[in-house]
Number of protein chains: 2
Amino acid sequence: MVEQTAVSQLSAAMSDDPAPIYQRVKQAIINQIIEGRWKAKQRVPSESEFVNELGVSRMTINRALRELTSEGYLIRMQGVGTFVAENKGYTAMLEVHNIAEEIAQRGNHHSCKILKLGTLKAGPDQAAVLGLSTGQSIFQSLIVHYENDLPVQMEDRLVNPLVAPGYLDQDYHQLTPYTYLMRVAPLTSGEHVVEAVLPDARQCALLALENNEPCLLIRRQTWSDTRIVTYAKLLYPGSRYKLVGRFKGHG
Amino acid sequence: MVEQTAVSQLSAAMSDDPAPIYQRVKQAIINQIIEGRWKAKQRVPSESEFVNELGVSRMTINRALRELTSEGYLIRMQGVGTFVAENKGYTAMLEVHNIAEEIAQRGNHHSCKILKLGTLKAGPDQAAVLGLSTGQSIFQSLIVHYENDLPVQMEDRLVNPLVAPGYLDQDYHQLTPYTYLMRVAPLTSGEHVVEAVLPDARQCALLALENNEPCLLIRRQTWSDTRIVTYAKLLYPGSRYKLVGRFKGHG
DNA sequence: CAGTGGTCTAGACCACCGC
DNA sequence: CGGTGGTCTAGACCACTGC
């Protein structure tokens with residue numbers, strides 16, 4: 001055989017750090033992928049091939065491969081094999097936090113003004129984002145959040161009354177709507193969209209903005225099992241609020 | 001002992017699914033946390049306590065605890081113990097992708113115009129964001145990316161020449177700067193800030209925007225080990241680009 | 001059927017921490 | 001020092017896949 005096997009490439013790539021073996025195996029595999037020697041969708045060696053080539057226990061190899069799978073580098077299929085995933089390395093994360101906690105963590109004072117808290121008949125759009133039918137009663141709240149008396153978020157929220165029947169009876173000076181909803185209906189998944197918009201005149205007034213000041217708009221839909229719990233539009237003045245995120249690579 | 005121990009609470013909470021043991025252990029622990037019986041910062045049983053109580057191998061317990069740690073439910077300290085983490089459930093993720101791939105995945109055509117690709121002497125701000133000294137030579141590129149001939153991103157990038165000496169010699173019609181940089185200097189961490197801004201006249205012209213159209217601005221700093229590789233300012237027209245993210249709860 | 005990954009065990013040695 | 005987590009091994013049994 002003139003051709004070099006995938007495993008023997010790898011055994012050359014193993015560093016001799018004092019780092020744990022599973023870490024070094026992971027790093028060696030990541031290097032193969034990043035440097036293009038193992039391409040997307042290509043099959044990587046089986047666990048037993050790794051074991052034979054590297055002289056390491058199968059549990060150790062298994063841990064390396066399992067972690068790389070959960071980190072998105074590999075895809076495994078029982079009875080079939082392990083393959084290089086696509087698309088890794090170009091995505092990074094951003095976190096969207098609870099506004100009250102975020103303000104508290106900065107050591108500032110959070111307060112809010114409740115502008116609306118009541119019931120309305122769902123129009124077609126409103127029904128759609130909650131997964132209900134047009135004309136059903138739904139809950140709505142409109143709250144402005146302040147950081148040291150400066151408005152930083154306008155929270156316009158629709159709530160599915162079937163999931164959170166007690167929604168209107170809470171004191172949202174004490175806990176945020178999101179915290180309450182988390183409590184009554186553990187979230188299982190969600191989706192959000194971040195965009196830049198110009199606020200209208202009413203939004204400018206409520207957020208104490210000059211005209212033409214751009215805002216971040218986050219629209220978020222939250223599910224609990226098969227039901228949509230809530231749909232929120234969160235509007236942040238661009239001058240007072242930024243989303244910050246950190247990400248880590250191959251550790 | 002009248003008081004019920006933490007472990008005996010847990011052994012009652014273990015379901016008798018046919019699911020793998022480590023999964024059932026994880027779910028039982030998550031339930032303790034969600035239902036408030038184990039509170040933030042509180043110590044959870046040690047691995048050997050779990051082993052004795054549940055009659056399961058330590059490796060299995062270790063896997064459950066290790067995965068819960070990487071999922072953010074627990075914090076572990078060698079020689080000390082394992083503790084319930086704070087704040088789970090209030091954060092959600094957003095992904096920031098590589099622009100060219102994102103366009104390709106939508107089935108659209110990506111192209112770009114390279115407006116600048118050269119060297120400049122670092123001013124104080126520019127030196128700071130790359131972790132270099134004022135007056136050093138640094139690389140800069142300015143590229144506008146198009147989706148089906150409509151501009152969607154303006155990429156203004158500073159690059160550390162010590163990390164990527166070949167940066168100026170690439171053809172960025174073929175691969176994006178970020179892809180090239182990933183290849184020469186595997187990223188280890190990064191930070192980005194997302195905000196809403198109003199573009200200036202020049203930016204409006206390059207992105208073919210009306211005046212007063214808000215934009216998303218992502219500023220991203222990327223590290224490789226101890227060195228800053230690149231600092232990028234990515235400007236997206238608010239009308240043509242939105243960040244979308246999905247998140248999942250306690251699985 | 002043989003090969004794959006998925007899980008589990010019962011030991012082991014180590015580095016680290018607090019006392 | 002004893003207790004903690006961090007890692008590793010050499011086996012084992014199983015469910016799944018493709019031929």
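Not measured: the values here are computed from a predicted model. Convention: sequence-line order gives letters A, B, ...; per-chain numbering from 1.
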Practice item. Heavy atoms under 4.0 Å is the rule here; annotate nucleotides 8-17 of chain D 5' to 3' with B where the base is hit, S where only the sugar-phosphate is, and - elsewhere. Key: BBB-B--BBB

Practice item. Measure up the Tyr241(B) and Tyr236(B) rings against each other and bin them: parallel (under 30°), tilted (30 to 60°), perpendicular (over 60°). Key: parallel

**Study point:** Geometric class of the Phe139(B)/Tyr167(B) ring pair [parallel <30°, tilted 30-60°, perpendicular >60°]
**Key:** parallel

May I have the distance from [X] (atom [atom1]) to [N] (atom [atom2]), rounded to whole angstrom?
{"X": "Glu49(B)", "N": "dG2(D)", "atom1": "CD", "atom2": "P", "value": "18 Å"}
{"X": "Glu47(B)", "N": "dG5(D)", "atom1": "CD", "atom2": "P", "value": "5 Å"}
{"X": "Leu74(A)", "N": "dT4(C)", "atom1": "CG", "atom2": "C1'", "value": "15 Å"}
{"X": "Met77(B)", "N": "dG18(C)", "atom1": "CE", "atom2": "P", "value": "9 Å"}
{"X": "Leu65(B)", "N": "dG6(D)", "atom1": "CG", "atom2": "C1'", "value": "12 Å"}
{"X": "Glu67(B)", "N": "dG6(C)", "atom1": "CD", "atom2": "P", "value": "12 Å"}
{"X": "Arg66(A)", "N": "dG5(C)", "atom1": "CZ", "atom2": "C1'", "value": "11 Å"}

Review point. With sequence neighbours left out, what residues match Lys242(B) under side-chain contact (heavy atoms from CB on, under 4.5 Å)?
Key: Val193(A), Glu195(A), Arg219(A)

Check your understanding: Between Glu47(A) and Arg76(A), is the closest basic N to carboxylate O distance under 4.0 Å?
Key -> yes

Exercise for review: Answer yes or no: does a side-chain N or O of Arg76(B) lie under 4.0 Å from OP1 or OP2 of dG6(D)?
Suggested key: yes

Review point. Would you say Thr82(A) reaches dG5(C)'s phosphate, i.e. side-chain N/O to OP1/OP2 under 4.0 Å?
Key: yes

Review point. Does NZ or CZ of Arg157(B) come closer than 6.0 Å to the centre of the six-membered ring of Tyr178(B), within 45° of the ring's axis?
Key: no

